[in-house]
Protein chains: 2
Amino acid sequence: MISSLELARRCGVSQGTVDRALHDRTGINPRTRNRILRLARQQGYRPHPAARELITGQSQIVGAVVPTVNNIFFMDLFHELGSRLAERKLRLQVSPVRDPADFLAVLEDFAARRVRLGLVVPPEDYIQIPGAITGCLPLISLISPCRGKGIHFISADEEKTGREAVRHLYNRGHRHILHLTYERRAYAIMARARGYKRQTRELGLNARITTTLHQKQLISLLKKERITAIFCHNDWLALTVLLSLSKSGIRVPEDVSVLGVDNSPTLMALHPGLTTMAYPVGAVGRAIADILDGGNGQAQEMEYQIMERATVRNL
Amino acid sequence: MISSLELARRCGVSQGTVDRALHDRTGINPRTRNRILRLARQQGYRPHPAARELITGQSQIVGAVVPTVNNIFFMDLFHELGSRLAERKLRLQVSPVRDPADFLAVLEDFAARRVRLGLVVPPEDYIQIPGAITGCLPLISLISPCRGKGIHFISADEEKTGREAVRHLYNRGHRHILHLTYERRAYAIMARARGYKRQTRELGLNARITTTLHQKQLISLLKKERITAIFCHNDWLALTVLLSLSKSGIRVPEDVSVLGVDNSPTLMALHPGLTTMAYPVGAVGRAIADILDGGNGQAQEMEYQIMERATVRNL
DNA sequence: TTGTAGGCGTTATCAC
DNA sequence: GTGATAACGCCTACAA
């Protein structure tokens with residue numbers, strides 16, 4: 001692969017002139033420029049990003065880190081964000097990680113590469129990120145927070161998500177609403193459950209939370225508590241519930257309504273009728289753009305939006 | 001962040017000596033080396049990969065490209081492969097792409113970055129990859145083939161996959177086996193369907209292929225053809241079928257057996273009982289390692305393996 | 001409008 | 001054992 005110097009030689013001009021042509025800067029004869037550009041294309045010239053990075057001290061890469069478990073939604077999300085970054089000529093590169101050690105190693109690597117921005121979904125809450133990393137790598141944490149200096153945390157108001165879910169189901173007549181979630185004490189899990197609890201209490205309902213996926217246990221719980229609606233922490237859980245319910249001959253939404261969260265395209269394709277709450281991708285994208293522009297990442301309307309479909313009905 | 005030159009100054013030695021210490025090469029006093037290493041850690045020295053790349057003309061990155069649609073299995077796969085590459089100090093970075101244009105743009109970028117190896121799952125079959133890319137970027141195509149010079153294609157024998165699926169179901173007593181697949185004329189889709197057809201014919205059975213996910217159509221087809229087993233092109237399709245069947249009150253595996261392909265961890269977690277055929281990740285990993293070592297990527301036992309679980313039964 | 005020179009942080013090759 | 005020096009490919013500033 002030829003270098004800009006070699007290209008200059010073949011064009012019979014200096015490296016500086018080639019540079020002017022490639023970045024169409026002023027101070028160059030249009031005809032020279034065209035000739036250089038044509039030859040560059042012809043010879044398959046490609047600038048070497050490493051050299052540019054060395055000069056500017058920054059790469060045009062935005063690094064993303066996602067946990068390997070249950071990453072469907074994250075992949076969908078990052079693809080969406082990647083399209084937006086492309087508009088700024090930034091390339092998104094995703095690294096899947098399985099644990100905090102792995103996570104920190106990847107961030108170390110990002111820091112070394114002078115990656116422009118790290119977009120991370122930490123595999124655990126409150127991982128401490130050392131100053132050696134935060135000092136030279138701007139970080140935005142999504143979904144779950146990290147501990148460390150200057151790390152932005154962009155999140156929807158998750159307590160509100162829980163509240164809205166309950167309100168939605170309440171407004172449709174449901175009075176016995178179950179919340180199905182995970183045992184893990186992660187930020188969003190806790191916050192949504194808190195919202196669920198407070199809202200049910202305010203409405204004078206019983207708060208009933210479970211983490212069981214065991215079919216028989218779940219079904220007996222539904223019967224015992226006369227549950228008519230299940231608010232699931234995410235679409236993936238909602239799907240396991242849908243599978244369990246139909247195996248047990250319980251009809252959705254005739255007998256029980258199901259509400260998920262995420263609006264994950266992949267899972268939606270699997271079961272298009274699932275009512276869910278859409279992650280505010282747009283607002284998050286704007287917040288990220290704002291931070292890239294030196295802002296503080298405040299964005300409006302960072303709220304999940306309910307997507308009404310066939311798994312929730314009026315009683 | 002300090003450079004190796006700056007580190008040398010602070011240690012009171014030359015840059016060359018620092019380099020010897022960092023790469024523990026011979027020709028350096030052990031005490032000097034220890035002093036340098038200690039100070040390097042203390043000062044948070046991190047070598048800049050861009051500079052190394054500039055010198056060596058190669059990066060330590062393996063780039064992966066996955067289509068954004070239905071990428072669950074690919075993400076699981078690449079995470080597995082990434083762990084193996086880590087043993088060789090290679091970092092795997094994944095770029096999701098949505099179409100051939102996007103695909104080629106990412107490969108262009110990989111070529112420019114002197115990425116060590118491109119591991120691609122093309123969004124379409126037989127995309128022509130220009131010589132300008134293949135000339136300087138070793139490529140391994142997975143799942144679907146590409147057109148271009150010197151591109152390795154690592155794939156299981158997909159016709160055999162179709163045959164094995166039929167044989168497995170036949171051995172368990174099934175005589176009316178449906179194949180559910182996609183309309184898209186992609187390599188693996190066609191090859192598995194071909195294997196399915198040939199094997200059913202050889203066994204004297206009717207070959208019946210459908211691409212419909214429409215619940216009613218599917219159910220009436222099952223009844224009309226007295227289907228007792230469904231061989232699905234992948235786990236994702238198998239799951240949609242499971243959902244449809246249980247909604248229709250058809251029991252699995254009592255009334256109908258279901259067989260998927262991929263053994264995708266994420267989907268398996270969603271429905272642990274699904275019988276499926278496991279992609280030969282190990283063999284593919286070895287083939288990739290072989291190519292990295294200059295081999296031709298031939299590997300033994302590149303076959304899917306049946307994972308028997310609760311959705312297939314003896315008749 | 002064009003050419004030249006210096007430097008980014010490494011690595012490799014000399015000489016001491 | 002150690003230190004100087006020249007690359008790698010690009011960008012910026014300044015000189016012509």
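Lettering of chains follows the sequences in order, A, B, ..., and the numbering in each one begins at 1.
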L54(A) CG - dG7(C) C1' separation (whole Å): 9 Å

Interatomic distance, L5(A) CG vs dG7(C) P [rounded to whole Å]: 18 Å

R25(B): what forms a side-chain contact (heavy atoms from CB on, under 4.5 Å) with it, not counting sequence neighbours? D19(B), R20(B), H23(B)

Have a look at I55(A) and say if it touches a base, only the backbone sugar-phosphate, or nothing, with a 4.0 Å heavy-atom cut-off. base

Identify whether any heavy atom of R46(B) sits under 4.0 Å from a base atom; if not, whether one sits that close to sugar-phosphate; answer base, sugar-phosphate or nothing. sugar-phosphate

List the atom of L7(A), the atom of Y45(A), and the distance in Å for their closest heavy-atom pair. CD2-CG, 4.0 Å

The side chain of S14(A) lies closest to which of these nucleotides: dT4(C), dA12(C), dT10(C)? dT4(C)

So P47(A), base contact, sugar-phosphate only, or nothing? Heavy-atom distance under 4.0 Å. sugar-phosphate

Which is the 5'-most and which the 3'-most nucleotide of DNA chain D that has an atom under 4.0 Å from a heavy atom of chain B? dG1(D) to dG9(D)

Between T26(B) and R114(B), whichever has its closest DNA chain D nucleotide further toward 5' is T26(B)

Using a 4.0 Å heavy-atom cut-off across all strands, classify T56(A) as base, sugar-phosphate, or nothing. nothing

Do any side-chain atoms of residues 112-122 of chain A form donor-acceptor pairs under 3.5 angstrom with protein atoms, and if so which ones, sequence neighbours left out?
unit_1: R113(A); atom_1: NH2; unit_2: E53(B); atom_2: OE2; d: 3.2
unit_1: R114(A); atom_1: NH1; unit_2: A112(A); atom_2: O; d: 2.6

Answer yes when R46(A) and D109(B) have at least one side-chain N-carboxylate O distance shorter than 4.0 Å, and no when they do not. no

Which pair of non-hydrogen atoms, one from I28(A) and one from T17(A), has the smallest distance, and what is that distance? CD1-O, 3.7 Å

Describe the nucleic acid contact of E53(A) in one word from base, sugar-phosphate, nothing, applying a heavy-atom distance below 4.0 Å. nothing

Looking at S155(A) and M302(A), what are the two nearest heavy atoms and their distance? O-CG, 3.5 Å

What integer distance in Å separates H48(A):NE2 from dG9(C):C1'? 13 Å

Side chain of T17(A) (C-beta onward), nearest among dT1(C), dG3(C), dT10(C): dG3(C)

Gap between atoms CG and C1', on L22(B) and dA12(C) respectively (whole Å): 15 Å

To the nearest Å, give me how far apart CZ (R9(A)) and C1' (dT4(C)) are. 14 Å

Nearest-angstrom distance from the residue atom CD of E6(B) to P of dT10(C): 11 Å

Contact class for D19(A) vs. all strands (heavy atom < 4.0 Å): base, sugar-phosphate, or nothing? base

Starting at atom CZ of R52(B), determine the distance to atom C1' of dT11(C), rounded to an integer number of angstrom. 9 Å

Just by distance, with hydrogens left out, do R10(A) and Q43(A) show a side-chain donor and acceptor under 3.5 Å apart? yes

Identify, between R20(B) and S3(A), the residue whose nearest nucleotide on DNA chain D lies closer to the 5' end. R20(B)

Closer than 3.5 angstrom, by distance alone: can the side chain of D102(B) be matched with the main-chain N or O of R98(B) as a donor-acceptor pair? yes

Please report the distance, rounded to the nearest Å, between CG in L7(B) and P in dT11(C). 12 Å

